[in-house]
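The structure appears below as structure tokens.
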Amino acid sequence: MKGYIGVDVGSVTTKVVVIDEEGNPLGTPVYIRTQGQPIKAIQQGVAMAREDLPKGIEIRGAGTTGSARYLAGVMIGADAIRNEITAHAVAALRLDPSVNTIIEIGGQDSKIIILRNGLVVDFAMNTVCAAGTGSFLDRQAERLGIPIEQFGELALKAKTPVRIAGRCTVFAESDMIHKQQMGFSVEDIIAGLCEALARNYLSNVAKGKKILPPVIFQGGVAANIGIKYAFQRALGCEVLVPPYHNVMGAIGAALLAAEQMRDGRKTRFRGFEVAEMNFESSSFECRGCSNRCEIVEIKSDGKLLARWGDRCGKWEVIER
Amino acid sequence: MKVGIPRGLLFYHYYPMWKVFLEGIGAEVITSPPTSKEILNLGTKSSHDDVCLPVKIFFGHTVYLAGRKVDFLFIPRVVAVEKEAYTCPKFLGLPDVVRNTLENLPPLIDATVNVKRKDKSPLKAALEIGKQLGAPVSRIKSAYREACENHWNYRNLMLKGFTPDEAIDILFKERGWEKKEGGRDIKIGVIGHPYNVYDRFPTLDLLGKLEELGVEVVTGEMIRQEDIEHHAQFLPKRLFWSYERDIVGAAFYLIHKRKVDGIINVVSFECGPDSLITELLQSEARRNDNFPMMVITLDEHTGEAGLQTRVEAFVDMLRRRK
């Protein structure tokens, strides 16, 4: 049976999935924390994906996406290295070809993708500020001593969500502390936070865009049912959270790889042995000019796989 | 006598003209190197925090040149380049801002160009500069004529599709440039102030990235002025600022005539005029069947990863629509 592997390495989590030609996951999709060590996370993710794979699957293509897509692409030997917008759009379209809006909120960034008739027509990403993304929710859950998994459920128990400033995480946090010290219940505060985040997303990331149903909500934060309901209230329409919402980027990367391989070429995928290979990364500052670029090298058993980070291109090596 | 021309702001509009004129009256022209981390650092260190990024970069180039023992710095005050409009306020006060912000500068050549006033015409400015540098009037006049001619050569090269850097090389290094190879499947208009669009440092080499992705790029300088003027008239009211009017006209032309598959509008974060014209461009794009347009906002913290993702996604979007 033919399979395609997709790897999505985000700032906070790493996702690995193997799909069949129709885009259905084979085995359990892997969703683990990157913990600041993408190389380790990629290897661990690939190892976990292998463990759970039905027998007799032949990987015919590999795709990577996410902010570490080039690193992941070099490590696993990717056929397609693509940006997250395209990957998320392709995965959502596979699920529902009529989707008009994709809300995607991950660990450090959030995006909106507007589609019409199965094509991306517009998109936006948060630029400098990570207010309202997964990392902030994580931090608040930790501060309140609530497991992040229960965050959404608790929000639904709220009677009267309090008003919290969602524009900036710093203000949101002090607002929350203030409300907490006034004696509001944790549920009401959490629900207020969910509403603030949805409001902030709609007025910053989705600014000026026409949001039409069907709306698909994906990315790690989509696990938070409180935010899903907050979006439904704000938009006045149903917001769908797909079953594999947190690995949609990886599914999209695998689909893009499958698309790439349609002409029958041979995959560059190094195989699941990637999990046991030795990868080292090192860096140095180039002193060739005043730009002082920081150059990163990726090696495997002493062999240079890739080098990047220079503006002029004199160090650049990418194994193709 | 050495005259330093900072490689920033109006450099991209007028450098060949300035260089030919200054050399024609006997000066040696020195420019700062392309913007680098060092130059940006020199600029941010010496400016207060609410000036725009292009001005900070200009300050960096100015400080750099001041440290290279030039006898004069060439920072003219360009007030108006046409009767009906002004330039951005930062150009009106540029020599004053430089003088009052930066220390240990050589004397400035800061002649005023204001075509609204007879006594501030470009020729009058040339005569003033020539006098400052001790050149005879006949020599100033012939240098001025040659400079104007060179300006039009420069503009014509850009109309043929060369970037300012390429055009400057063709003019002064007498190097022939191969026309870029065809076969690029999509065309993107990169619209914004030349000092943002063409400076490879703050844009993290946007033009290079597009080239690598197989995109043909059209910039405002590659569009004929009459087309720009004509399409700028679709605004209900004339814009106050000349260069910004050109940006609007260029983008409108590309949108109305469907000359490109999409537009990337490059703006700098603290820029007042940009904040207004970007809205004008976006609403015009929406009115024209949601013409694909992406805004890239530059500041000194612009991250490479985010920009790369956005540009790749925009190109993918246009490609998959075809």
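Residue-environment remark: CZ (B:F234) exceeds the threshold of 12 foreign heavy atoms within 6.0 Å. Within a 6.0 Å radius of CZ in A:R33, no more than 12 heavy atoms belonging to other residues, nucleotides or ligands are found. A 6.0 Å sphere centred on CD of A:E294 holds no more than 12 heavy atoms belonging to other residues, nucleotides or ligands. With a 6.0 Å radius and a threshold of 12 heavy atoms from other residues, nucleotides or ligands, B:F201 has its CZ atom above the threshold.
Here B:R321 contributes atom CZ and A:N117 contributes atom CG; the two are 10.5 Å apart, rounded to the nearest 0.5 Å. Between the SG atom in A:C289 and the NZ atom in B:K37 there is a gap of 9.5 Å [rounded to 0.5 Å]. Between B:R310 atom CZ and A:F123 atom CZ the span is 8.0 Å, to the nearest 0.5 Å. Here the CG atom belonging to A:D122 is positioned 9.0 Å from the CZ atom belonging to B:R286, to the nearest 0.5 angstrom.
Neither the backbone nor the side chain of A:R116 has a heavy atom closer than 4.5 Å to any heavy atom of chain B. There is no contact between B:Q282 and chain A, counting heavy-atom distances below 4.5 Å.
Of residues 79-89 of chain A, those residues lying under 4.5 Å from chain B by any heavy-atom pair are A:R82, A:N83, A:E84, A:I85, A:T86. Taking 4.5 Å as the heavy-atom cut-off, the residues of residues 245-260 of chain A that approach chain B are A:L256, A:E259, ordered by number.
In this structure the side chain of B:T309 never reaches within 4.5 angstrom of the side chain of A:K111, judged on heavy atoms.
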